6 protein chains.
Amino acid sequence: MCPKLPLLLVFFLYYAITSLGSDPDPVQDFCIPSTGIAACKNSSAAMVEDFVFSGIKFPGKFSETGLAATSVNVNIFPGLNTLGMSFVRADFEVGGINMPHFHPRATEIAFVLEGKIYSGFVDTENRIFAKVIEKGEVMVFPKGLLHFQMNVGDMPATILGSFDSQNPGLVRIPNAVFGSGIEEKLLEKAFGLNSKEIAKLRKRFAPH
Amino acid sequence: MCPKLPLLLVFFLYYAITSLGSDPDPVQDFCIPSTGIAACKNSSAAMVEDFVFSGIKFPGKFSETGLAATSVNVNIFPGLNTLGMSFVRADFEVGGINMPHFHPRATEIAFVLEGKIYSGFVDTENRIFAKVIEKGEVMVFPKGLLHFQMNVGDMPATILGSFDSQNPGLVRIPNAVFGSGIEEKLLEKAFGLNSKEIAKLRKRFAPH
Amino acid sequence: MCPKLPLLLVFFLYYAITSLGSDPDPVQDFCIPSTGIAACKNSSAAMVEDFVFSGIKFPGKFSETGLAATSVNVNIFPGLNTLGMSFVRADFEVGGINMPHFHPRATEIAFVLEGKIYSGFVDTENRIFAKVIEKGEVMVFPKGLLHFQMNVGDMPATILGSFDSQNPGLVRIPNAVFGSGIEEKLLEKAFGLNSKEIAKLRKRFAPH
Amino acid sequence: MCPKLPLLLVFFLYYAITSLGSDPDPVQDFCIPSTGIAACKNSSAAMVEDFVFSGIKFPGKFSETGLAATSVNVNIFPGLNTLGMSFVRADFEVGGINMPHFHPRATEIAFVLEGKIYSGFVDTENRIFAKVIEKGEVMVFPKGLLHFQMNVGDMPATILGSFDSQNPGLVRIPNAVFGSGIEEKLLEKAFGLNSKEIAKLRKRFAPH
Amino acid sequence: MCPKLPLLLVFFLYYAITSLGSDPDPVQDFCIPSTGIAACKNSSAAMVEDFVFSGIKFPGKFSETGLAATSVNVNIFPGLNTLGMSFVRADFEVGGINMPHFHPRATEIAFVLEGKIYSGFVDTENRIFAKVIEKGEVMVFPKGLLHFQMNVGDMPATILGSFDSQNPGLVRIPNAVFGSGIEEKLLEKAFGLNSKEIAKLRKRFAPH
Amino acid sequence: MCPKLPLLLVFFLYYAITSLGSDPDPVQDFCIPSTGIAACKNSSAAMVEDFVFSGIKFPGKFSETGLAATSVNVNIFPGLNTLGMSFVRADFEVGGINMPHFHPRATEIAFVLEGKIYSGFVDTENRIFAKVIEKGEVMVFPKGLLHFQMNVGDMPATILGSFDSQNPGLVRIPNAVFGSGIEEKLLEKAFGLNSKEIAKLRKRFAPH
């Protein structure tokens, strides 16, 4: 039983590492999550590779809505730990959309690398701020507000986003509302839809 | 033209007062917004009334979904300015709901004062945490996550909520998504609904 | 000796869990303290019960000063961990008091659920802000300031307080000053009392 | 009436300047409060004198308890604005005391420049941490906790304190409790003293 | 004299707007600096253009060291105010360098849009973390640490950087050390150079 | 192998302890790093000695530039953990210097205990703020900005510095730039020096 303890430690550790952090000012230069008990690798064991990410050179896999988004947060790029930032690459097929969503823990700055993107957000007074932005333009989505994008050009489009949190979180509205199992009755009243209409939406967004 | 300047100052000031603040640690005991140029009333002019709110003794006006919610943030209770907190009273008719919504800038703690409330939230992995809570019970909704409530008892119900921001913000999903003017095409693709279905939803939630 | 190590881990862990946290923005949806090595339970193991507290449906045990206060911080409601908030239920007998005290790490919002409470705080300029508040009224006590309450009605009274820290801390003035063992001489000079008077106070508030 | 407006602006401004700040990370190098409308002097008008303070070369005026303390916060050294720190010089006569007090918004680090000082704090579990420290030694008082000092040597003593807030605040327990006007009845119950004893204390600490 | 007051207000305002902000959590959705007395434009006057920046579609003007860097902080893109982020576009001629520098108030994430860049930082233990990164790769420079870049490819290169502050600040080492007017004697001792060598460096980096 | 696990734990722990912390508001009174699994010693095991530091009564060892600086951060005074502050004692021989350096994570307040010190900082606009300060004077160096000192009196001098971070970090410009191994070519271009001049500087500051 004893020899298993170290395994147990390693097993629990990855979770600990990624959940311990927080986005205040760091109290050390960096903190590369370790595979030992300590939260950080001994800083003398850090390597330049810990601070470089090479996994977004190409688009990811496209979803049904024509989006390929790779979120690069502390969970897949541990070097970001305690540094207060993360990023995302989003590729759009022609007509592809990034459905209405929000990040509970970050502001986002979105750079258009390629294409023409209808892009916007909705504030807490329900006002929309949306417009088509093009290659080289930048739009900012304020912290926690609902936003969305659609490739309205006739070529694929790409956006590079940055966040001021190592783990901004992502809530996709259709999935969170219709795919999580909220009581049907509540949804009917909230959206003014009948039981059949809600059932159809719940079916579409049910997790498989 | 000169005499109008002071009016102009007063006019702009209310907005300044409520938008200047921020939720970090205060650097003074309190800061009651002033009606002068300064951000705060001279502290010697503060009165106990500045720190007491008497406007939620009774339910507010009920909406179509059977909810009467009074949000008491820094905009209506200026004494909260720089103190990092605010609150809400929510009354539910039998069957009344608080539609799926989120607060971009706060965690919420909800106390059930009366009744039986189906209450829950959805995390960023799309998992639901929901349950019926009763008089005297308390539920916490983590910062920025989507949550909702429905009175499932046979009596009116009341909830008292607290926030860790002087201005948590409120995004009601149906209104923000269907009532703000997001491109129809984008919504069709996001929800897998046809143009007629989306039009119906947009009409229902259009601001009047 | 080996087999005892896991026990040791569990033993130390509860302390670790509750002392690791901090009140900045969270970097994950939530972090239910685990009973393993990791700081948080694997998020997929979280349950709705982790976010609901049912222990303040009724008053606690009354003290000699006629107060029954149950502080619900992260130590007794672990689901609050990293969420930046906590709360308290305080019941007062007729004439009961909540002695002068302060919370070193939080602002407090106090809702009167029942009764008439003389309630107030003192700022750093030594000014008092105090008044009788009644059922349905709310008073805010700014971060770190000394405050107090007394049931001045002819019925029992109840207050519900919220804090913007998962662990606000509580310093009761009489106990901290006279019951902690501060040098008698220093106390005599501070309060202008003689050795006998101080001895009486120290005896009253000595920990038993 | 018009020409008076500028005077009004200047009048309100000093208050605005010192109450606007906050202790989060600055968003500019520094922010010397201005005598104009802007919160900060134009940075090009800042001078080295704005960042140097020469007013604690000598002890201040001694109080009845043998203490001469000069708090140097943002109100008297405006260059500290937005920089998150302030300081204090405290001189003690033989036997002089710094009565039990706390700073609602800061940790304090106290350096002994001269003498032997009985120095300590009380935590929220009512435990005392106190000891005599000497020239060259340093003690830390955790954020918001009650602490105190007494010169136990046979020579005058001096302490230099630093705070991690530009305006830490100071609550002297005897004055805040007995000199602010808290209801006599409440104080009697809190301290277990009779009406005459409380009256004596209130008289001693009443503001003159 | 009266009519000039408004001009004065406008004059001081731009400075106030950009220096008031801070990088804590916002307490409103956004705060577009106004040209009136208030710190923010009335939110109903905000337009989508306030949140879009179009000024980095093309490289800026190249310096002697082969760098064209456009820092887009709150001073030139006011919509970033209170949102906690900013960005930079940096173009490099073949062999061009971004000299050793640091940002006192931010972490930086650098995306390589084009080219091959030798890129690195030095930690507080004086260890270097440097490597050639290529198109599509990302490197993170921890908060406040010294870093640098050089185009080592045979084509122009471009980097897009993001910061977790609306105004990260920039300190270029050669200019700050040799071009600011630090006493010659101090520099001689610090670098172990003789008076002639220091004079040469001071001349080169003297502001023109 | 089993018995070694505890050793391993202890081994990794010291690093964990000092790297876990962060400078936001604490969520407990204090957190003395433990030698067990938990991040903090059980608070009941804390002793007054944990909060007192006696190691800067005398100057440290002087460097070649005539400086003896002892940085007292959380790594050598663990009681500072989570309390947001640290300090330094710096002694200067006649003519001794504290070379241009900066602290990536803190503002510094410097008290002159003895002597006459030429002392200053450079802001992000490359402006210098420097002056000779004397015994009893205090200068503040804003967060993250480059600063320096030189004893210009004819007696030894001493400075006591305080920081608003438990681990402010220290970057000495000459060592970081010339002693860390940055590509020679990049340094030549940055400073406009030839290969021989850079080689000389690199040699001088190479770590031994």
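Hydrogens, waters and symmetry mates are skipped; everything else that's a heavy atom, side chains included, is used. So that the names make sense, note that chain A is the first sequence line, chain B the second, and so on, each numbered from 1. If you're wondering where the values come from, they're calculated on a predicted model, not measured in any experiment.
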Any chance [atom1] of [X] has more than 12 other-residue heavy atoms, nucleotides or ligands included, within less than 6.0 Å?
X        : atom1 : result
D:Asn194 : CG    : yes
F:Lys185 : NZ    : no
D:Lys116 : NZ    : no
F:Arg202 : CZ    : yes

Given the options F:Lys135, F:Glu108, F:Met47, which has more heavy-atom pairs under 4.5 Å with chain D than any of the others?
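Ranked by heavy-atom pairs under 4.5 Å with chain D, first place is F:Met47.
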Flag the one option from F:Leu145, F:Asp29, F:Val52 with the top tally of heavy-atom pairs under 4.5 Å to chain D.
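Counting heavy-atom pairs under 4.5 Å, the top option is F:Asp29.
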Sort [X] into side chain, backbone, both or neither according to what part of it lies under 4.5 angstrom from a heavy atom of chain F.
X        : answer
D:Ser86  : backbone
D:Ile133 : side chain
D:Phe141 : neither

Please classify the contact between [X] and chain D as side chain, backbone, both or neither, with a heavy-atom cut-off of under 4.5 Å.
X        : answer
F:Ile56  : both
F:Phe58  : neither
F:Phe163 : backbone
F:Ala46  : both

Going from [atom1] on [X] to [atom2] on [Y], what distance comes out if it is rounded to the nearest 0.5 angstrom?
X        : Y        : atom1 : atom2 : result
D:Gln28  : F:Asp123 : CD    : CG    : 11.5 Å
D:Glu125 : F:Ser43  : CD    : OG    : 6.0 Å
D:Phe129 : F:Glu49  : CZ    : CD    : 10.5 Å

Taking all non-hydrogen atoms of both residues into account, name the closest pair between D:Pro26 and F:Lys143 and its distance.
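In terms of heavy atoms, the two residues are closest at CD-CD, 4.0 Å.
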Which of the residues D:Phe87, D:Phe51, D:Phe121 is involved in the greatest number of heavy-atom pairs with chain F at under 4.5 angstrom?
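Going by pairs under 4.5 Å, I would pick D:Phe51.
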Exactly one of D:Leu83, D:Asp164, D:Thr82, D:Leu80 should register a side chain to side chain contact (heavy atoms under 4.5 Å, CB included) with F:Thr107. Which one does?
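Exactly one option meets the side chain to side chain contact (heavy atoms under 4.5 Å, CB included) with F:Thr107, and it is D:Leu83.
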Contact check, side chains of D:Val140 and F:Phe30, non-hydrogen atoms, under 4.5 Å
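D:Val140 vs F:Phe30: side chains apart.
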Compute the centroid of each ring, for F:Phe53 and then for D:Phe111, and state whether the two points are separated by less than 6.0 Å.
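No, the ring of F:Phe53 stays outside the 6.0 Å limit from the ring of D:Phe111, centre to centre.
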Do D:Arg127 and F:Ser44 have a side chain donor and acceptor closer than 3.5 Å?
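There is no such pair between these side chains.
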